[in-house]
Each structure stands twice: as C-alpha cells, then as structure tokens.
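Lettering follows sequence order; numbering is per chain, from 1. All values reported here derive from a predicted model rather than from experimental measurement.
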There are 2 protein chains.
Amino acid sequence: MTRGRRSTKGAPVKRPTIADVARRAGVSKGAVSYALNGQPGVSEATRQRILAVAAEIGFSRSSAARALSGSASDAIGLALCRPARTLGIEPFFMELISGVEAELSARSYALTLQVVADQDAEIAVYRRWWGERRVDGVLVCDLRTDDRRVPVLEELGLPAVVIGGPGGTGRLASVWSDDAAALVETVEYLAALGHRRIARVGGLPELLHTSIRTEAFTQVCRRLDLPDAVTVPSDYTGEEGARATRRLLSSPARPTAVIYDNDVMAIAGLSVAQEMGLAVPGDLSIVAWDDSPLCRLVHPPLTALGRDIPAYGVHAARQLLAVIGGASVGEFRDETAHLTPRGSTASPLRIG
Amino acid sequence: MTRGRRSTKGAPVKRPTIADVARRAGVSKGAVSYALNGQPGVSEATRQRILAVAAEIGFSRSSAARALSGSASDAIGLALCRPARTLGIEPFFMELISGVEAELSARSYALTLQVVADQDAEIAVYRRWWGERRVDGVLVCDLRTDDRRVPVLEELGLPAVVIGGPGGTGRLASVWSDDAAALVETVEYLAALGHRRIARVGGLPELLHTSIRTEAFTQVCRRLDLPDAVTVPSDYTGEEGARATRRLLSSPARPTAVIYDNDVMAIAGLSVAQEMGLAVPGDLSIVAWDDSPLCRLVHPPLTALGRDIPAYGVHAARQLLAVIGGASVGEFRDETAHLTPRGSTASPLRIG
DNA sequence: CTGAAAGCGCTTACAG
DNA sequence: CTGAAAGCGCTTACAG
C-alpha cells in the first residue's frame, strides 16, 4: 500500500536507466553496458561518448539489476557482536571501519553494517545475507576459540576474511597481528625495569586473541622466573577494568605493574590507583593495549601497545576483495603492536 | 573474468529461489510471494506450509530481485564526513549507529555506511545511491549552516532525516535536541556557583549546532551580566582542546570555568589544567558536553551534559522509516541534554 | 483463493 | 565492432 505513495513522494525526479543513455547516445543498451564495464565490444570513441552521456544525465547503474543479472552486489558485510555501550567507547571498531571504508570507497564498494546480539544472531545474519545475495563477502570480527561462525561460512561458501588468529580460521582467509610477540616484549620490558609481580587485566575470555595473550603471558612469566602471572578476566568496560584493578591492588602481594587488554580499562585502572593513593608510575606501572589518543590525554600519559588499526582494516578489506575476485588467499600477518613508553611505567624501585 | 571463478568458488551451496519453494510446496511462485509478503491471495493453511518450506530449505528472497521489481531495497544509508581519527575517538557516532541498528534490525533493514572526505563527496554518494537505488533513504549527520546537502536531497526526492537543527533542514524531516536550552542551564548553574569568567571551547564552527550553542552562550552571558563570553573554536580533537585550554588559561583574565563541546576536549583540558598546576575544580571548573563513560573514568570525574544517544539514533531511524513508508514527517524534538554535576565543578571561591 | 505472464534494469552469450 | 534477445528472481496486476 505504500508503494504508490512512495514512488510519488520518493522520486519526483525520474531516475535514468541504461535505455535512456543508449537512446541519447544512439547505441544499443548492450553497448552502453560494455562501455560502462570497460569491456571490449565498443570503440574507444563510442565508449567516451557513452560515458559522457551517462555523466551528463547523472546515470548510475541500478545495483539491484546488476546484482540480479549475475554481477556482484558490490557490497560487503560486517556484523558486530558487542553490546552498544562497549561499541561506543572503544575506538577500535570505528578505526577499523574507517580503514575498511578507505579501501572499499576506492573501488566503489559499499559497507553493510549490522549490530547483532550474539553469535547465533550473527550466523542468522550471514545466512540471510547469503540468501538475499545482499553482500559479496563478509569481514568476521572477534574470532572465538572454536568459533561456530567459521564452519557456517565455509558451508555457505560466502567469501570471508577473519580478522583475528593465528589459527582457528579453518579454510577462511584471515588477517592477524602477533599479539603473543607484543605481550612478550611488554613483559620483558617491565621485567627489565625491575618488576617482579606483573598482573594483567584481560579481555573477554572467549575471544581467541585473549587466550593467545594469556598463554603468552603465562609462558613468558615462567621463562623469566616471575611469580604467578595473574590474569583477571574482564569485558573491556571501564567499570570492570576498575573492579579488576581494585581487586589486584587490594591483594596482599599486590602487583607493581598491570597490563590492560584495552585502553579504556587502563584508564579506569589509573583512576583506581590514584583513588587508592598509589602513585603511577612510582607505586604502579600501567601498560595499555590499543594506543588511542585517550592514552595521551590522561595524566600521566599511558605507556601503550599500539598499531595502525585503520591500516589493519585496509588490509582486511583488500584481502576480502581478493577472495571475492576469486583469488586463493591465506593468512596475512599484519604489523605487530609496538610499545610506546610514556609516563605510566617506571622502575618499581623508585618508590614515592 | 572473475565471474566463472566466483560462482564456482563463492557458491558451492546452491541458493534456493522462490521457484524451489513453490515446487516443493506445490504452489505457484506468485503464491509464495504473497505468502512471504503477508498479503491476501493465499489461504492461511497454504501460507503456513509455504513459510515452513521456506524455512526448511533456508530460503531468503533475493534483495536484488525484490528491489528490481519495485520493492524497497530494505537498506538505508549513512554517510559520515569526519576524518578517521575523530571518528574513532568520539563515542557519539558508534552510539548513534547502535541505536539506528536497533530500530533497523527489528524491521530487517540493513544499514549502508560510507565514510566520505568532504561535503562534495557526500553529495556524490547520495546521487550515486539514488541512481543505483541502493538505499531507500538516508540519515544526514553534522548539519551545517546553509547546508548544501539539503537542496540536493530535496531535488532527488531521496527520503531523508536530518539529525540536527532546529532549522536549516528545508522540507526534510529532522530529529534534534535543544542544545541552546542545555547550554543556558549549564551557564546558569556555573553562575549560581559564583563563576563570572566562563569560557567555552567550541566544536567545528561550520556545524549548525556549534553556532546555535555559541549564540545561546553569548545571549545568556549577556543576560546574566557576565563579561565577554569567549568561545574558542576547535575541532573536537584532544590536541586542539588542549591547545585552546592553554590559550585560555594563559590569558590575563583567565576563566574560572570552561565548557567543552565534547568529552574528549574536556578530558584534554583537564590534563592541561593539571599540567599548569591548576586544581580542578578549585581553580578551574570543567563541564563536558556528551557524557560518555570517559567522563567517569578521569580524576576528578567530569560534570557533563548527557543524553541518550542510542535513543536519538532509534528516533532518527524510526522517522526515516516513516518517511520511506510515505508518511508526512516533520521535526522531532528529542530529549534535551541534562547536566550531571560531578567532581569537576565547584564554586570558584573555594580556592586552594 | 490460485496460476500464467509481464516487467523491473541490467549483463552477456549469440548472431550479424 | 554492434544489435536483438534471453535471463537473473522477484512482484503484481490480470484472468480464471
């Protein structure tokens, strides 16, 4: 019932079709199509004339008609499975998206975004997108240990690039960063400063990269002969980061250094330390994973593990376009996060 | 040339079509379509049988075919025109998007996102989306004074809802919040505390809501007989917020209170005050616009002007769906931001 | 209530 | 190098 009204109200200007261009350029619709797709079948002079006419009347090919006649939909999908409040506060996703966009825009690809409640909902979205032929491929975030999305995507044959790993991505292409190496570098740095009791406030335990970090943390602490490498699990929110910090700092053998799995929790931890009367970095050193501008805004500025997240997004999108293009694509190892020492870390000896 | 490969590699599982459902249910394709659309033309029993078959074989209607045969594309567009670094750090957009998504998901609408470099690129994207029939409507952010996008959208007849105002939205529907009222409330509160020299670090001057706030600021200061209501323009980044704060705090008649147009600049301002040896709130009171979790993480926690941004997104999406549905929609006045006093504001008399 | 058919706007073999 | 035609998978009047 809305149809009539929609076309009346929604489209006062007539959208030109390929037939309009053909008529105006004095060629067939087929010729216009060839010209637009940069395919052989039209002379260069004709092609130019056709393109000029198309530009003149503001013609864009209907993405629906293109998709229906077998072409790609020229869109990729990204389903985000995080609660709204976490989505907003973490710069990670927006930075990733801006990188993805940079690559897609250059190729006139659209990004279809969907926020989902849980993994089942996300899988349902993939099945729907596939059935609707709405996207040519998907970017998969927040890889879990034993991720149920991977076999579904393999079964559907929906082109996909997993952002995460290494491992656990089945036959899907992936883009990953060596978190274990970054974690080791950080612990070695803190140990070199003289820290012995180092703790970590970790991200969501079900995420693969969390367990990779935890495993690396345990290993390096054992190797360096540091006592009990405690990891307190958390959920990336400031509240949980603060709570975990309070617990750590209240324990009899409180740590002299804490590594946080994201910047928001690190900032919350800094606040808690100050509220408990501990000096940072005198009494407590703090390292944040994800070096956002926030880390530089607080006092003292936070030592952080940073890397170029927009570039990560660019690489992921590029991989996905390659998979969609039919290339056989494997793992792409992105830059490893590097440590930027700032005012929040120092030797624990320098107390007071 | 990628086609053959794509179909081989990209779709090992055959996607079911409406014909498959029809065959299996023993009805015509038309009947399936009616059943799926909830339209009269099939008996209830048949409808149920058809829906069961569709679910069983995992059928979703091709969005391309639907769009081509006159239905909506079931997608709306959102073009964001901010540099990548600002996009990442401001929770606003992600919160807005999560609200928009909440409304769209409920109606199985997709969100098509595009990051653009400037207004011209954004206008080009609207023209392209319209030509491609890729989206049924758009959400317009960051309304400017004399916004060039408004007449273009009116001319195209592309359903749109402007997030911003009041005013300057032409015949387009809009959703807005009364920033002037919130600003006045804040200044009155600071004046009641005894502040006389109040300054403001503003957002991008070309945005309409910035000038609305500036105008309200000037007016209320004049009414309350406060001297020179200084607004230093800025760009929402921490760097610029810090710079503006340094300038304000170095001036001979330095303000005793500063209002920041976003939370990131307020946090940067807090840092600068501390670095310059000023106590907050003893020597300087700080108010942040946009009350994100960040405001509660810093020390002292920031007094902030907050409102429910996801809800704002919900309302905007709802309005847009109404416009797309053919309804005649006007302005929707959303909640006014309310002031939450925290530790960063106090009477200026209480110095030391 | 159901079935056969036209049509949406493209792409792409297929003849010329 | 170009034109006429089939077909993609739906929706929707139109007959029965």
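- Rounded to whole angstrom, the span from the CD1 atom of B:Ile18 across to the C1' atom of C:dG3 amounts to 13 Å.
- In this entry the distance linking CZ of A:Arg133 with P of D:dC8 reads 11 Å, nearest Å.
- To the nearest angstrom, C1' of D:dG9 lies 12 Å from CZ of B:Arg15.
- At the heavy-atom level, A:Ser62 lies under 4.0 Å from the strands shown only through sugar-phosphate atoms.
- Comparing D:dC1, D:dG9, D:dC8 by their closest approach to the side chain of A:Ser69 singles out D:dC8.
- Per the geometry, CD belonging to A:Glu132 stands 20 Å off P belonging to D:dC8, to the nearest Å.
- A close approach under 4.0 Å does not occur between any side-chain nitrogen or oxygen of A:Thr17 and OP1 or OP2 of C:dC8.
- Dense packing is recorded around CG of A:Asp118, with more than 12 heavy atoms of other residues, nucleotides or ligands lying under 6.0 Å away.
- Here C:dG7 presents its C1' atom at 17 Å from CZ of B:Arg66, a figure rounded to the nearest Å.
- Within the structure, every side-chain polar atom (N or O) of B:Thr46 is placed at least 4.0 Å from both OP1 and OP2 of C:dC1.
- For the pair B:Arg127 and B:Glu155, the salt-bridge criterion is met [side-chain N within less than 4.0 Å of a carboxylate O].
- Between B:Leu36 atom CG and D:dT12 atom C1' there is a gap of 14 Å when expressed in whole angstrom units.
- A straight line from CG of B:Asn37 to P of D:dC10 spans 11 Å, rounded to a whole angstrom.
- For the pair A:Leu68 CG and C:dT11 C1', the computed distance is 10 Å after rounding to whole Å.
- Between C:dC10 and A:Arg61, no contact under 4.0 Å exists linking OP1 or OP2 to a side-chain N or O.
- Mapping B:Glu44 and A:Ala64 onto DNA chain C by nearest heavy atom places B:Glu44 closer to the 5' end of the strand.
- Stem regions for DNA chain C, each three or more consecutive Watson-Crick or G-U pairs with both distances under 3.5 Å and listed by first number, read C:1-3 with D:14-16, C:5-12 with D:5-12, C:14-16 with D:1-3.
- Comparing A:Gln39 and B:Ser28 against DNA chain C, the residue whose closest nucleotide sits nearer the 5' end is B:Ser28.
- Considering only side-chain N and O atoms, A:Ser33 lies under 4.0 angstrom from the phosphate OP1 or OP2 of C:dT11.
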Where do N or O atoms of nucleotides 13-16 of chain D meet protein N or O atoms at under 3.5 Å, pair by pair?
| residue | atom | partner | partner atom | Å |
| --- | --- | --- | --- | --- |
| D:dA13 | N7 | B:Tyr34 | OH | 3.2 |
| D:dA13 | N6 | B:Tyr34 | OH | 3.1 |

